Amino acid sequence: MNTPRELDKGYDPAGVEERWYQHWEEEKLFAAEDEDSEKTAYAIVIPPPNVTGMLHMGHALNITLQDILCRYRRLCGDNVLWMPGTDHAGIATQNVVEKKLMAEGTSRHDLGREAFIEKVWEWRQEYGGTIIRQLKRLGASCDWDRERFTMDDGLSMAVRTVFKTLYDEGLIYRGKYLINWCPRCHTAIADIEVAYEEMQGGLYHILYPFADGEGGLVVATTRPETMLGDTGVAVNPDDERYAGLAGRKVRLPLTDRVIPVIADNYVDTSFGTGALKITPAHDPNDFEIGRTHQLDMIKVIDDQGYMTAEAGEQFAGLDRFECRKAVVAALKAEGLLEKQEDYIHSVGTCYRCKTVVEPNLSKQWFVNVKPLAEKAVEVVRNGETKIIPENWTKTYYEWMDNIRDWCVSRQIWWGHQIPAWFCDDCGEVIVAIETPEKCAACDSNNLTQESDVLDTWFSSALWPFSTMGWPDQTPLLKTFYPTSVLVTGFDILFFWVARMLMMGVHFMKDVPFADVYIHALVRDEEGKKMSKSTGNVIDPIDIIEKYGADALRFTLTAFAAQGRDVKLSESRIEGYRHFINKLWNAARFSLMYIDDSNREETFSDACLADKWILSRLAVLRQTVAEAIDTYKFNEAAAALYRFVWHEFCDWYLEAVKPDLYGKNGDDRQQGSRIVLRRVLRDILVMLHPIIPFVTEEIWHVLPGEDTSIMQAAFPRAETGPAMVTPDAGAEAEMELVMGVITGIRNVRGEMNISPSQALSVIVHAGDQETQIRIAANEAMIVNLARLSSFAVETIGEKPKFAATSVVDNVTVYVLLEGVIDFAREKARIEKEMAKLEKDLKGVTGKLNNDDFLNKAPAHVVEKVKESFADLQARREKLQATLDKVMEMA
RNA sequence: GGGCGGGUAGCUCAGUUGGGAGAGCAUCGGCCUUACAAGCCGAGGGUCACAGGUUCAAGCCCUGUUCCGCCCACCA
């Protein structure tokens, strides 16, 4: 027999978590079986965290949910592959290493490209494992032997293959366009990498004088510095104010240029002055207008954000924002600034570094994604991939339908260098998977590779199949592609999920995943996204050290209701740590009474509490399985919490204590021990996906369980023991008994009677059957309500000095001769009466309503009638009691 | 401007074939009852944002209003 010594008094996760994680890894319990496995394949690819990443709450939630799914599926007998890895995170990683170099007094430019990249690899070798170690502390059961990195040889091959294929298909092209340029990251970024923010700015009205006469045109702009690059002014052809002006010329202030007035429907007559200055090199709309009207494109801001020589001697070299002030001052001086007003408008910033993005003319590589997007929309429409919760599909369609070409080239060094070579002699462009030896056009050996690298999301888009060995047709792909589900936050729905769908459908001819589960974002108390730059981060590792990984995991799971963001508070984590401890102590207690002899085949005679808890357990396993199957993690957590604490601990354990103590004979003792063992075992297994560490720790003290809990089977109706079965009769009877006990406890509490004072109780049951059922459970009632004497009869005289509680058709009299406080009892009953009256009023209203009686379904009417009778009976009994109390008082 | 989500107890939030408003934390009262004071037993507390509609019946379905949050959009 086990003794409580084997488990400490309180649960301390500190050593436990590390010990079991190590054990799981050593025993290879996370490893997927190979393609010969008979089991059902279940696969998840991890959203690869940045290799520079530090675990944040978003990861913690994301990983916890995936881990729940994977662990649950393993318990269900599936062959689970959870593919882990990290993302090389081009710009982010380059930034980190550059900072380090700066601290060392050098820079990437000092080192040169090759040496710099060498440094980044070194950095990764040294620090890149941090995030992985942190995922392990959370308990992530990934198949670590298969860990991938987006810059691995295999994945790089996949990247080059995809690039080459798309190029050959005409879906990748290179050209000079206006792109979003981040002057700080010093690279082009894609449209979706621009984050728009409302900013306080000004709207400046500037007079552009006619070149050939009096007067002029007033334009309005938020960016006066860009006027230096203006090559036209546009008005709407239907605008009567400016009728006949098209074709005339204006003099561009602060320069010696004369620019044309053009007519274009794009111009909104109601905005500003109705005259629009055109800067084709620095505004996307102006770029389009400039192209249609063949205006010059003059670049006045350089890649660093400084004014170019083209901006004029006066302004060249100024920072763009300094220049804005200078231009405004100069205009004022010349009397050309007509008006200046405060203006709040949205400004594009780099989503990574928050620097104001500069639209810039530049030669870049683009993917024509429209054809890919169409196919990726189709697979969602026809249900091959299901997005959960469903409301995200609308957002997905919306975005995909309006998708624009994807700028994939980045002017940084760390990343997949674009597999394109330029012939120095003839200018030919060669796109190839392997480095070409000579020019395909002129046989020259003077080839220079494109220096740009690819957008990091280009390689992540291939993740579901590149990690499994593609372009080779590997057994892994055959077994696990398409994957079962992708679990991620909505913030990368477009960045990543949409692109994986596009690439997966295009290259694999099959969706990358059957389900996409979009979970909540973890936010701070103000509902803001947690981010390092905002400084509102709660560090999961701190939380794990303080409360344990299980407490954090359970909290996140309980929070993870679909469609609602998580605002995390530490007090709630503390609350769930209490739950872990509760479980621990319940197990500690149970294990004192469980031994290897408690085999189920010897189980014959169950008491009411046994039948009841087994019935509840049967319902629970159904609830939990269904909840996890449908990604309703919070429902699974809530059901388990309620069962363990409020049914198993509060009622069952208390009810069977006398049995366990051996007070009711050997048979009863053995019976309850068998049930106890079964319930505890099943609880542990069902909880294991959510709280793996503590369940494993307890599992190993369970006699007869010598393998890991990870190798147990999830309790299911079809495979579980027959004793675990729904039993409506037992549940109803138990509820009756619980009602009587609660009634007595209520009196005790309200009348301020000490728990140590045993009470005498007489119960009047409404009918004989009820009487029999209550009498049969007298021992439980006496025990749990702490009674010194108990009697139940169908009819009898109402005791004189008693506090009364009415439940269903049962009246409970707590005898209080000599101690009853009539005033208190009167108040208590009146309170009860008031409640009753309120309920009765509602029910009566329904029953007096013919429409209700005629139209409501029979079972609903029946229920209401029953409840009416019940309420009325209770009222009568209470009234009688109240009358008596009034007499005495 | 468009789209999405939300408004339920003091706080944080659950609550779908529409049919008796819930949990955790906090508060109040009583308990060291031999697993657990990180606990046990009780109690109080809500016009389910507002207005209308559908229905026998609405927190839930429909319409409008309002407030908050997020996403998207080329108004200089």
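Bear in mind the structure is a predicted one, so any value in this text is a computation, not a measurement.
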On a heavy-atom basis, which atom in A:Ala263 and which in A:His293 lie closest, and how many Å separate them? O-CE1, 3.2 Å

Could you report the tightest heavy-atom contact between A:Met199 and A:Val356, atom names first, then the distance? CE-CG2, 4.2 Å

Give me, pair by pair, the N or O atoms of the protein and of nucleotides 56-58 of chain B that are less than 3.5 Å apart, along with how far apart they are.
unit_1	atom_1	unit_2	atom_2	d
B:C56	OP1	A:Lys855	NZ	2.5
B:C56	O2'	A:Asn849	ND2	2.9

Heavy atoms only, 4.0 Å cut-off, all strands: where does A:Asp650 land among base, sugar-phosphate and nothing? sugar-phosphate

Distance between the C1' atoms of B:G39 and B:C25, in whole angstroms? 16 Å

Taking the six-membered ring of A:Tyr576 as reference, does the NZ or CZ atom of A:Lys582 fall below 6.0 Å from its centre and within a 45° cone about the axis? no

Tell whether A:Glu654 reaches the base of B:A35 with its side chain through a donor-acceptor pair below 3.5 angstrom. yes

When you look for runs of 3 or more Watson-Crick or G-U pairs in a row, both distances below 3.5 Å, which of them include RNA chain B? B:1-7 with B:66-72, B:10-13 with B:22-25, B:27-31 with B:39-43, B:49-53 with B:61-65

In whole angstroms, how far is the P atom of B:A76 from the CZ atom of A:Phe271? 5 Å

For A:Asp650, check salt bridge (charged side-chain N to carboxylate O under 4.0 Å, His left out) against everything at least two apart and list the hits. none

Name the residue closer to the 5' end of RNA chain B, choosing between A:Leu653 and A:Lys831 according to the nucleotide with the nearest heavy atom. A:Leu653

When the distance from OH of A:Tyr351 to C1' of B:C70 is rounded to whole Å, what number comes out? 18 Å

For nucleotides 23-34 of chain B, give me every protein contact, N/O to N/O, under 3.5 Å, one pair per line with atom names.
unit_1	atom_1	unit_2	atom_2	d
B:G29	O2'	A:Asn752	OD1	3.3
B:U33	N1	A:Arg786	NH2	3.1

How close or far is atom C1' of B:C71 from atom OH of A:Tyr396, stated in whole angstroms? 17 Å

A:Asn581 side chain: which of B:A38, B:A76, B:G19 is closest? B:A38

Do A:Arg748 side-chain atoms and A:Arg786 backbone N/O form a donor-acceptor pair below 3.5 Å? yes

C1' atoms of B:G24 and B:U65, separation to the nearest Å: 34 Å

Over all atoms of both residues, closest heavy-atom pair of A:Tyr593 and A:Phe589: CD1-O, 3.3 Å

Between A:Val219 and A:Thr273 the two heavy atoms that sit nearest each other are CA-OG1, 3.7 Å

Assign A:Tyr547 to base, sugar-phosphate, or nothing according to its heavy-atom contacts below 4.0 angstrom with the strands shown. nothing

How close or far is atom C1' of B:G5 from atom NZ of A:Lys394, stated in whole angstroms? 13 Å

Could you tell me whether the side chains of A:Lys865 and A:Ser867 share a donor-acceptor contact shorter than 3.5 Å? no

Mind calculating the distance between CH2 (A:Trp651) and C1' (B:G39) to the nearest angstrom? 17 Å

Heavy atoms only, 4.0 Å cut-off, all strands: where does A:Arg404 land among base, sugar-phosphate and nothing? sugar-phosphate

Roughly how far apart, to the nearest Å, are B:G10 and B:G69 at atom P? 22 Å

Are A:Tyr517 and A:Phe633 an aromatic pair, judged by ring center distance below 6.0 Å? yes

Distance, P atom - from B:G59 to B:G52, rounded to whole angstrom: 14 Å

Determine the Euclidean distance between corresponding P atoms of B:U16 and B:C61; express it in Å to zero decimal places. 9 Å

In whole Å, what separates the P atom of B:C67 from that of B:A23? 33 Å

With a 4.0 Å cut-off on heavy atoms, is A:Lys835 in touch with a base, just the backbone sugar-phosphate, or nothing at all? sugar-phosphate

Any non-hydrogen side-chain atom of A:Gln340 less than 4.5 Å from a side-chain atom of A:His205? no

Whole-Å distance, A:Tyr397 OH to B:C72 C1', equals 18 Å

From CZ (A:Arg320) to CG (A:Leu228), nearest 0.5 Å: 14.5 Å

For the pair made of CD1 in A:Ile580 and C1' in B:C36, what is the distance, rounded to whole Å? 14 Å

Under the side chain to side chain donor-acceptor pair (under 3.5 Å) rule, collect the residues that match up with A:His578, sequence neighbours excluded. none

So what does A:Glu750 hit on the nucleic acid, given a heavy-atom distance under 4.0 Å: a base, only sugar-phosphate, or nothing? sugar-phosphate

B:C56 and B:C13, which share atom name C1', separated by this distance in whole Å: 33 Å

Among B:A35, B:U12, B:A43, find the nucleotide with the atom closest to the side chain of A:Phe559. B:U12

Looking at the base of B:C72, is there any donor atom on it, or on the side chain of A:Tyr196, that sits under 3.5 Å from an acceptor on the other one? no

Scan A:Thr222 against the nucleic acid and name what it touches under 4.0 Å (heavy atoms): base, sugar-phosphate only, or nothing. sugar-phosphate

Rounded to the nearest Å, what distance is computed from the CD1 atom of residue A:Ile518 to the C1' atom of nucleotide B:C70? 14 Å

Same-atom distance (C1') from B:G7 to B:U12, integer angstrom: 14 Å

If the condition is salt bridge (charged side-chain N to carboxylate O under 4.0 Å, His left out), which residues does A:Arg324 pass it with, not counting sequence neighbours? A:Glu225

When all nucleic acid strands are considered with a 4.0 Å heavy-atom cut-off, which category describes A:Asn746: base, sugar-phosphate, or nothing? sugar-phosphate

Taking for A:Ala638 and for A:Val194 the nucleotide of RNA chain B with the nearest heavy atom, the one nearer the 5' end belongs to A:Ala638

Test item: A:Val233 and A:Ile259 side chains (from C-beta on) under 4.5 Å apart, heavy atoms: yes

Using a 4.0 Å heavy-atom cut-off, does A:Val843 contact any base of the nucleic acid, only the sugar-phosphate backbone, or nothing at all? nothing

